[in-house]
Colleague: 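To start, I am sharing the structure in question, which I have written as structure tokens.
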There are 2 protein chains.
Amino acid sequence: MENKEITIYDIAKALNISPSTVSRGLSNHPAINTKTKNKILKTAHDMGYQTNKFASNLRKKTTNTIGVIIPRLDSLFMSSVIAGIEKVANNAGYNLIISQSLESEKKEKNNALTMYNSRVDGLIVSLSNGTRDYSHFKKFIDKGIPLLFFDRIAEELPSTKVVIDNFRAGYTATQHLIEQGCKKIFHITNDMHRNVYRDRFEGYKKALIDYSIAFKEELFVINDMTESAIVNYIEDEIVKKQNVPDGIFLTSDSSAAVAITTLRHHGFSIPQDIAVVGFNNDIISKVTEPPITTINYPGVEMGETVARILLNHFTGNGNLNLTNTVVLNTDLIVRKSSLKS
Amino acid sequence: MENKEITIYDIAKALNISPSTVSRGLSNHPAINTKTKNKILKTAHDMGYQTNKFASNLRKKTTNTIGVIIPRLDSLFMSSVIAGIEKVANNAGYNLIISQSLESEKKEKNNALTMYNSRVDGLIVSLSNGTRDYSHFKKFIDKGIPLLFFDRIAEELPSTKVVIDNFRAGYTATQHLIEQGCKKIFHITNDMHRNVYRDRFEGYKKALIDYSIAFKEELFVINDMTESAIVNYIEDEIVKKQNVPDGIFLTSDSSAAVAITTLRHHGFSIPQDIAVVGFNNDIISKVTEPPITTINYPGVEMGETVARILLNHFTGNGNLNLTNTVVLNTDLIVRKSSLKS
DNA sequence: TTGTAGGCGTTATCAG
DNA sequence: CTGATAACGCCTACAA
């Protein structure tokens, strides 16, 4: 079964030429006779030759591989970004090695080390919520391996970052609720150690202040935004304690969808009693009743952008240093979940 | 900046021992003095040594890498499966190379070739809708590289397959609609060239027959199940032509969600006018109004299962041949979208 | 338990 | 334009 590996030596022997010539023929070297090249290509094909990447990588010290570390794969947003990265990378002949940190700093460090050992040509990261220090990225920076962040970025690191303006998005979402007449707006969000949620929160807070609404600590809630966390919060804090807001800004659409479903289940009208704004513009935001007002967060575009910056860097076009932070546009998409008037 | 690569030779020189001893120390070889080993480990760490996988792979002819080819990453189901695979693989020290075929046979063939050239130790595939022939997998089989399929499988190939019983799922879903009193049940689904949709369709058809309901070609519809395809179908075929069913079985939850939203928008009551059943048990099925009756399809579990079978094969536990097809359980989850009574 | 020597398959360099 | 040779970094017989 295990038929022996065909190497350039075998081709060389078959054609009675030297292995170096075969190598050149296979890799489109300029200094090679077209006829020789075609002969090589044909023979290689006939013999079922397949290039051995390891030998090639070992020799060339480049791998045509991009590493990606993200918090988790099973999120619509993250998988859209990955889809965007994969598309651009694949078209350029690059492979993707993907791993998930599952929100754990330890796993992230591990993953980063593996990526390093795999000699990825570049590393694209969205940080885990648990990550506090960035020492695991030092190796990459020291060695000049391009390091790019998207969405959840390491602000202190001198790397390219692709983000949205989370502050503005948070501000816009909150402002919209205020303009709909909301006076008691809850903010349900995730761990504040990351720029993403912190900036949205700051935007939320600023909007309240700008419109002379007092910000109180008890207005905002941090949890992991899983389905059960949202349901529990609503039932325990809002329903049982009769501590009812007239607006809620949640930082994901799925949590907003769960919130709406749960609130309606308990007899609240959306948006009349409580207006709701989500985040991301996932498909889920369009199919709830009422559909959810949200911030459009272009995941695929973000993935394509970050991949393209990296590839441009490889080819020498564009300059990683010049485009140190790329901010993608977002817009508020108004649907019925927030329209009181 | 570009500090030179530290190799086992550097460590050997620093400790005045031979490179082979260093190699043994680093890889926990049984025949090595513990003291020597610790010395090596410490020095390696101090010098910032990182193993070079390519050299190692080239030598060992094994890569600790698993290739995964799927139709697309930005689907909740697919990303759940990948999440499951990644988790299991990563824990066992394996890397994942992922690529998307984007439903194109040509891309899939390309991806397979890349995987082959990358010398993946195993390949996990869910076929694109466009794939008709499987010649691109021959290489793997010939060379004894484990090839596993999940969800959208190549039935003709002698490979391990992890699936659900799509026939039974289709049957159960349809039966449920019939039991709710539906007599004119539409089936909206995807390309029939793949087992997945074909089997669900067969199940649907069989249920109709078993309950003495005539099956007519015009009852079932094939499209790509994107949001716009669903909306267009409903508006053009159901609303405009007043060709209204009393039940619809769609083979994804997001399409079912879009269908419900569109139908309600046009004044239909769900489930009173039209009962709806979806597929997958994505979170989206829980938050629509009404929530969607669906088939629970365990994506993460499927990913974990397929990865575990592969890993067991590597370690010699379990036997790929003995477990030629693994069928995971599914259940019908009844929610309000289908409950007429 | 450790060292020596050779090779994994490719490509870069240099010479012709 | 082609060939010979060495080297990429690691691992493993085999010998000591």
Side-chain angles (χ1 to χ4, degrees), chain A residues 2-41 43-44 47-65 93 114 116-121 143, chain B residues 2-41 43-44 47-65 93 114 116-121 143:
Chain A
E2 290 268 343
N3 39 7
K4 186 125 178 36
E5 204 85 36
I6 308 282
T7 75
I8 53 173
Y9 277 82
D10 301 316
I11 300 175
K13 210 174 295 167
L15 290 175
N16 236 314
I17 56 180
S18 85
S20 3
T21 306
V22 176
S23 171
R24 284 192 273 259
L26 256 17
S27 58
N28 244 313
H29 192 97
I32 189 165
N33 185 307
T34 314
K35 247 164 85 185
T36 320
K37 192 176 91 181
N38 289 137
K39 215 167 50 182
I40 293 170
L41 253 28
T43 312
M47 297 179 70
Y49 169 80
Q50 294 298 336
T51 183
N52 183 319
K53 285 207 176 181
F54 298 116
S56 169
N57 290 340
L58 177 59
R59 192 58 238 248
K60 290 196 301 187
K61 294 180 170 254
T62 160
T63 63
N64 269 46
T65 298
T114 307
Y116 185 84
N117 286 342
S118 299
R119 301 292 195 277
V120 293
D121 289 339
K143 197 144 170 260
Chain B
E2 292 268 343
N3 40 8
K4 185 123 178 37
E5 204 85 36
I6 309 282
T7 74
I8 52 173
Y9 279 84
D10 300 318
I11 300 175
K13 211 175 295 169
L15 290 175
N16 236 314
I17 55 180
S18 86
S20 29
T21 307
V22 176
S23 171
R24 286 192 271 258
L26 256 17
S27 57
N28 245 312
H29 192 96
I32 190 165
N33 185 306
T34 314
K35 248 163 88 184
T36 320
K37 191 177 91 182
N38 289 137
K39 216 167 50 181
I40 293 170
L41 254 27
T43 312
M47 297 178 71
Y49 169 81
Q50 294 298 335
T51 184
N52 183 320
K53 286 207 175 182
F54 298 114
S56 167
N57 290 341
L58 177 59
R59 191 58 237 256
K60 289 194 301 184
K61 297 180 170 251
T62 161
T63 64
N64 269 46
T65 299
T114 308
Y116 184 84
N117 286 342
S118 299
R119 300 293 194 278
V120 292
D121 289 339
K143 201 148 168 256

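A, B, ... follow the sequence lines: proteins, then strands. Residue 1 opens every chain.
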Colleague: Between atom CG in A/Leu58 and atom P in D/dC10, what is the gap in whole Å?
Modeller: 9 Å

Colleague: Output yes when a side-chain donor or acceptor of A/Thr7 lies under 3.5 Å from a complementary backbone atom of A/Tyr9, and no otherwise.
Modeller: yes

Colleague: Sequence neighbours left out, what passes side-chain hydrogen bond (donor to acceptor under 3.5 Å, both in side chains) with B/Asp121? Give chain and number order.
Modeller: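 B/Asp121 satisfies side-chain hydrogen bond (donor to acceptor under 3.5 Å, both in side chains) with B/Thr62, B/Thr63 once adjacent residues are dropped.
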
Colleague: Throw together a table of side-chain donor-acceptor distances under 3.5 angstrom for residues 31-38 of chain B, partners on residues two or more places apart or in other chains.
Modeller:
{"unit_1": "B/Asn33", "atom_1": "OD1", "unit_2": "B/Lys35", "atom_2": "N", "d": "2.6"}
{"unit_1": "B/Asn33", "atom_1": "OD1", "unit_2": "B/Thr36", "atom_2": "N", "d": "3.4"}
{"unit_1": "B/Lys37", "atom_1": "NZ", "unit_2": "B/Asn28", "atom_2": "OD1", "d": "3.0"}

Colleague: Under 3.5 Å, side chain of B/Asn64 to main-chain N/O of B/Gly93, donor-acceptor pair present?
Modeller: yes

Colleague: Quickly work out the B/Asn57 CG to D/dC11 P distance and round it to whole Å.
Modeller: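 These atoms are roughly 10 Å apart.
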
Colleague: Taking atom OH of A/Tyr49 and atom CG of B/Asn117, what is their separation to the nearest 0.5 Å?
Modeller: 8.5 Å

Colleague: Rounding to a whole Å, what distance do you find between A/Ile8:CD1 and C/dT11:C1'?
Modeller: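 So the two atoms are 8 Å apart, to the nearest Å.
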
Colleague: To the nearest Å, give me how far apart CD1 (A/Ile11) and C1' (C/dG9) are.
Modeller: 12 Å

Colleague: With sequence neighbours left out, write down each residue that passes salt bridge (Lys or Arg N to Asp or Glu O under 4.0 Å) with A/Arg119, or none if nothing qualifies.
Modeller: B/Glu5

Colleague: Just N and O in the side chain of A/Lys61: are any of them under 4.0 Å from OP1 or OP2 of D/dG9?
Modeller: yes

Colleague: Scan A/Tyr9 against the nucleic acid and name what it touches under 4.0 Å (heavy atoms): base, sugar-phosphate only, or nothing.
Modeller: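 A/Tyr9: base contact, heavy atoms under 4.0 Å.
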
Colleague: Over how many whole Å does the gap from A/Lys60 atom NZ to D/dA6 atom C1' extend?
Modeller: 19 Å

Colleague: Among the nucleotides C/dT10, C/dC8, D/dC11, which one has an atom lying closest to any side-chain atom of A/Ala55?
Modeller: C/dT10

Colleague: Take the protein atom CG of B/Asn52 and the nucleotide atom C1' of D/dA7, then report the distance between them rounded to whole Å.
Modeller: 13 Å

Colleague: I need the minimum non-hydrogen distance between A/Ile6 and A/Gly48, along with the two atoms involved.
Modeller: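 In this case the closest contact between A/Ile6 and A/Gly48 is CG1-O, 4.2 Å.
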
Colleague: Output the rounded distance in Å from CZ (A/Arg119) to C1' (D/dC10).
Modeller: 11 Å

Colleague: Below 4.0 angstrom, which residues in residues 12-29 of chain A have at least one non-hydrogen atom near DNA chain C?
Modeller: A/Ser20, A/Ser23, A/Arg24

Colleague: Out of D/dA6, C/dC8, D/dC10, which has the shortest distance to the side chain of A/Arg59?
Modeller: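 Ranking D/dA6, C/dC8, D/dC10 by closest atom to the A/Arg59 side chain puts D/dA6 first.
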
Colleague: Could you check which residues of residues 30-39 of chain A get a heavy atom under 4.0 Å from DNA chain C? Sort them by number, please.
Modeller: none

Colleague: How large an angle, rounded to 10°, do the end axes of the helix from C/dT1-D/dA16 to C/dG16-D/dC1 enclose when each is built from five base pairs?
Modeller: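 About 30° separates the two local helix axes.
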
Colleague: Can you tell me how far CZ of A/Phe54 sits from CZ of B/Arg59, rounded to the nearest 0.5 angstrom?
Modeller: 15.0 Å

Colleague: Can you give each donor-acceptor pair under 3.5 Å made by side-chain atoms of residues 11-27 of chain B, sequence neighbours left out, with the distance rounded to 0.1 Å?
Modeller:
{"unit_1": "B/Ser18", "atom_1": "OG", "unit_2": "B/Ser20", "atom_2": "N", "d": "3.4"}
{"unit_1": "B/Ser18", "atom_1": "OG", "unit_2": "B/Ser20", "atom_2": "OG", "d": "2.9"}
{"unit_1": "B/Ser18", "atom_1": "OG", "unit_2": "B/Thr21", "atom_2": "N", "d": "3.3"}
{"unit_1": "B/Ser18", "atom_1": "OG", "unit_2": "B/Thr21", "atom_2": "OG1", "d": "3.1"}
{"unit_1": "B/Ser27", "atom_1": "OG", "unit_2": "B/Ser23", "atom_2": "O", "d": "2.9"}

Colleague: Applying side-chain contact (heavy atoms from CB on, under 4.5 Å), can you list everything that pairs with B/Ser56, at least two apart in sequence or on another chain?
Modeller: B/Lys60

